[in-house]
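Structure, as C-alpha cells:
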Amino acid sequence: MPGKLLLVVALGALPLAPLSSQQYTPQECAAITASALAHPARTDTLRLVRDCPGVFGSTFATLLQSVAVFADSGTFDTVARMASRRREPEIFSAAIAVAGDTGRPELARLTAVWLLVKYMYGTSFDINLRALGEYEDDGPAICVTAPGTRAVTGENPLPADARAQVHSLATSLMAEQPMGWVPLHAQCLDYISNDSLLVFSSSPREQLTFNPSTDFAFQVLCGRRVLLRNASLAPVSIRLVWGDTPAQVSLNQQARDYTLPGRRDGTPYFETTWTVPSQTARKFRVQQVTNPYGAPPYVLLVNLETLNTTACS
C-alpha cells in the first residue's frame with residue numbers, strides 16, 4: 001500500500017506563449033490532422049497540428065485515448081507531453097474519462113491524473129511517471145514534480161464546472177480499493193481542486209532540503225555505470241553530462257536531466273544506477289539544476305570524474 005504523501009511543486013511560471021502564427025489552408029489542415037491520427041509516431045506532424053485552428057484539442061484527445069498510441073511508449077509519452085502543454089476542453093474531457101476508467105492501464109490513468117493537475121494548477125512542472133518503477137512494491141512516500149513547462153491557454157475555455165469535475169473525479173479515485181498508485185496520486189488532484197496545494201509531509205519542513213555536501217554521494221561502477229544516492233527527503237533535479245574529453249564535457253552538449261527522488265521515511269537514502277549512453281565517453285559530470293527552467297546556474301556535484309570502461313563480469 002502506498003505510504004504517506006509528500007507533494008512538492010516547482011513554483012514559478014513562464015508567461016503564456018502565444019499560439020503559432022503559421023497558417024495553413026483548411027485542406028492542408030485536414031491532411032495534417034488525418035496524418036497525425038494515422039501516424040502519431042511522427043512528432044513533426046504532431047507539431048503541425050498546433051498550427052491548425054480548431055483541431056488541436058480534438059486530435060490530441062483522440063490520441064490520448066488511443067490503445068495503439070499507448071502501446072508505443074515513446075509515442076504515448078510525446079502525445080501526453082504535448083497535450084499537457086495547452087488547455088483545451090476536449091483534452092480535459094478525455095483526461096477525465098481515462099483517469100476514471102478502471103479498465104485502462106494504470107500508467108494511462110496516472111498520466112491523465114497528472115495532466116489534470118497541470119491543467120488546474122497552472123504552473124510549470126512535469127512528472128516522470130515511469131520512474132515509479134524505481135520504488136518498491138509498497139509505493140513511494142512522495143508524489144514529486146520536477147521543473148518543466150506550463151499549460152498555455154488554448155483556443156477554447158475549459159468547462160465552467162471544471163474544478164467541480166476534477167474534485168468529483170478525485171473523490172471517486174481516492175475511494176478505489178485496493179489502494180494503489182491511482183488513488184494515491186488522486187490525492188494530489190484533490191489538493192488542487194480544493195486550492196490547498198502547497199507541501200504535505202509527515203516530516204519536519206526543515207528536513208525537506210537537499211544539502212550537496214552531506215546528502216549526495218556517488219560511486220563509479222564497471223561498464224560506464226554510476227551509482228547515485230540522495231540521503232535527503234527532498235528530490236533534486238540534476239543534469240548528467242558526459243564526453244570523450246574534458247573539453248566535450250565542459251561544452252555540456254551531451255547531457256540528460258533527471259529527478260533524483262528523496263529517500264523515504266525510515267530509509268537511509270534513495271539509490272539508483274545510471275549508465276552513460278555512450279561507448280566512447282571517458283569523463284562525466286553531475287550538476288544540480290538550481291534554475292527551474294533548466295539553464296545555469298548549476299551546483300557542481302561531480303566534476304570531470306573518470307568513468308570505469310571495464311566490462312562488467
Side-chain angles (χ1 to χ4, degrees), residues 16-20 22-122 126-130 148-166 168-170 172-173 181-182 185-186 189:
L16 290 181
L19 302 182
S20 173
Q22 176 68 50
Q23 296 295 317
Y24 292 101
T25 67
Q27 293 79 10
E28 289 172 329
C29 282
I32 289 170
T33 303
S35 179
L37 293 172
H39 307 287
R42 297 178 181 174
T43 306
D44 54 343
T45 304
L46 294 182
R47 292 195 181 101
L48 294 180
V49 175
R50 299 177 300 184
D51 301 324
C52 288
V55 299
F56 182 90
S58 59
T59 301
F60 276 82
T62 298
L63 294 173
L64 193 66
Q65 297 176 90
S66 168
V67 174
V69 167
F70 182 79
D72 184 331
S73 60
T75 299
F76 179 74
D77 290 350
T78 297
V79 166
R81 183 173 63 252
M82 294 179 70
S84 74
R85 291 178 176 177
R86 194 162 120 186
R87 294 189 192 89
E88 296 289 355
E90 298 94 341
I91 298 174
F92 174 86
S93 296
I96 290 282
V98 171
D101 186 350
T102 57
R104 294 270 182 173
E106 186 175 54
L107 181 61
R109 300 182 68 201
L110 284 171
T111 300
V113 166
W114 275 95
L115 185 149
L116 292 168
V117 169
K118 193 164 183 177
Y119 264 34
M120 302 308 294
Y121 191 63
D126 287 306
I127 184 168
N128 180 10
L129 293 172
R130 295 187 186 278
T149 55
R150 82 178 287 175
V152 302
T153 301
E155 294 176 282
N156 299 297
L158 298 183
D161 64 342
R163 189 169 294 277
Q165 288 191 49
V166 167
S168 176
L169 172 68
S172 174
L173 297 183
W181 291 114
V182 173
H185 285 258
L189 196 57

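Quick caveat, the model's predicted, so the values are computed rather than measured. Excluded from the calculations below are hydrogen atoms, water molecules and symmetry mates; all remaining heavy atoms, backbone and side chain alike, are included.
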Margin query: To the closest 0.5 Å, what do you measure between CG (L116) and OG1 (T111)?
Written below: 11.0 Å
Margin query: A side-chain contact here means heavy atoms from C-beta on lying under 4.5 Å apart; do Y119 and I91 qualify?
Written below: yes
Margin query: How close do L173 and A186 get, counting heavy atoms only, and between which atoms?
Written below: CB-CB, 3.5 Å
Notebook entry, point to check: Quick one: does R109's side chain get under 4.5 Å of T102's, heavy atoms only?
Noted result: yes
Next item on the list: Rounded to the nearest 0.5 Å, what's the gap from OG1 on T75 to CG on L63? Could you check?
Entry: 9.5 Å
Item checked: CG-CG distance between L107 and D77, expressed to the nearest 0.5 angstrom -> 7.0 Å
Item checked: Distance in Å, L64 CG paired with S84 OG, rounded so as to fall on 0.5 Å steps -> 9.5 Å
Margin query: Against T33, only a single residue in L48, T62, T59 fulfils side-chain contact (heavy atoms from CB on, under 4.5 Å); can you say which?
Written below: T59
Margin query: Please find the pair of heavy atoms, one from C29 and one from Y24, that lie closest to each other, and give the distance.
Written below: SG-CB, 3.6 Å
Check: Judged by atom type as modelled, is there a donor-acceptor pair below 3.5 Å linking the side chain of S35 to the main-chain atoms of I32?
Finding: no
Note to self: Please check: side-chain N/O of E88 versus main-chain N/O of E155, any donor-acceptor pairing under 3.5 Å?
What the structure shows: yes
Next item on the list: Could you grab the distance from atom CG of L37 to atom OG of S58, nearest 0.5 Å is fine?
Entry: 8.0 Å
Note to self: Quick one: does any side-chain atom of T78 pair with a main-chain N or O of G74 as donor and acceptor, under 3.5 Å?
What the structure shows: yes
Next item on the list: Indicate yes or no: at least one non-hydrogen side-chain atom of L115 is less than 4.5 angstrom from one of V98.
Entry: no
Notebook entry, point to check: Shortest non-hydrogen contact from M82 to F60?
Noted result: CB-CE2, 3.6 Å
Margin query: Side chains of T153 and R87, heavy atoms from C-beta outward: is any pair under 4.5 Å?
Written below: yes
Next item on the list: Decide yes or no for F70 and V79: does some side-chain heavy atom of the first lie under 4.5 Å from some side-chain heavy atom of the second?
Entry: no
Note to self: Ignoring hydrogens, what is the shortest heavy-atom contact between Q165 and P159? Give both atom names and the distance.
What the structure shows: NE2-CB, 3.8 Å
Next item on the list: Measure from the side-chain N and O atoms of R104 to the backbone N and O of Q65, and report whether any donor-acceptor pair falls under 3.5 Å.
Entry: yes
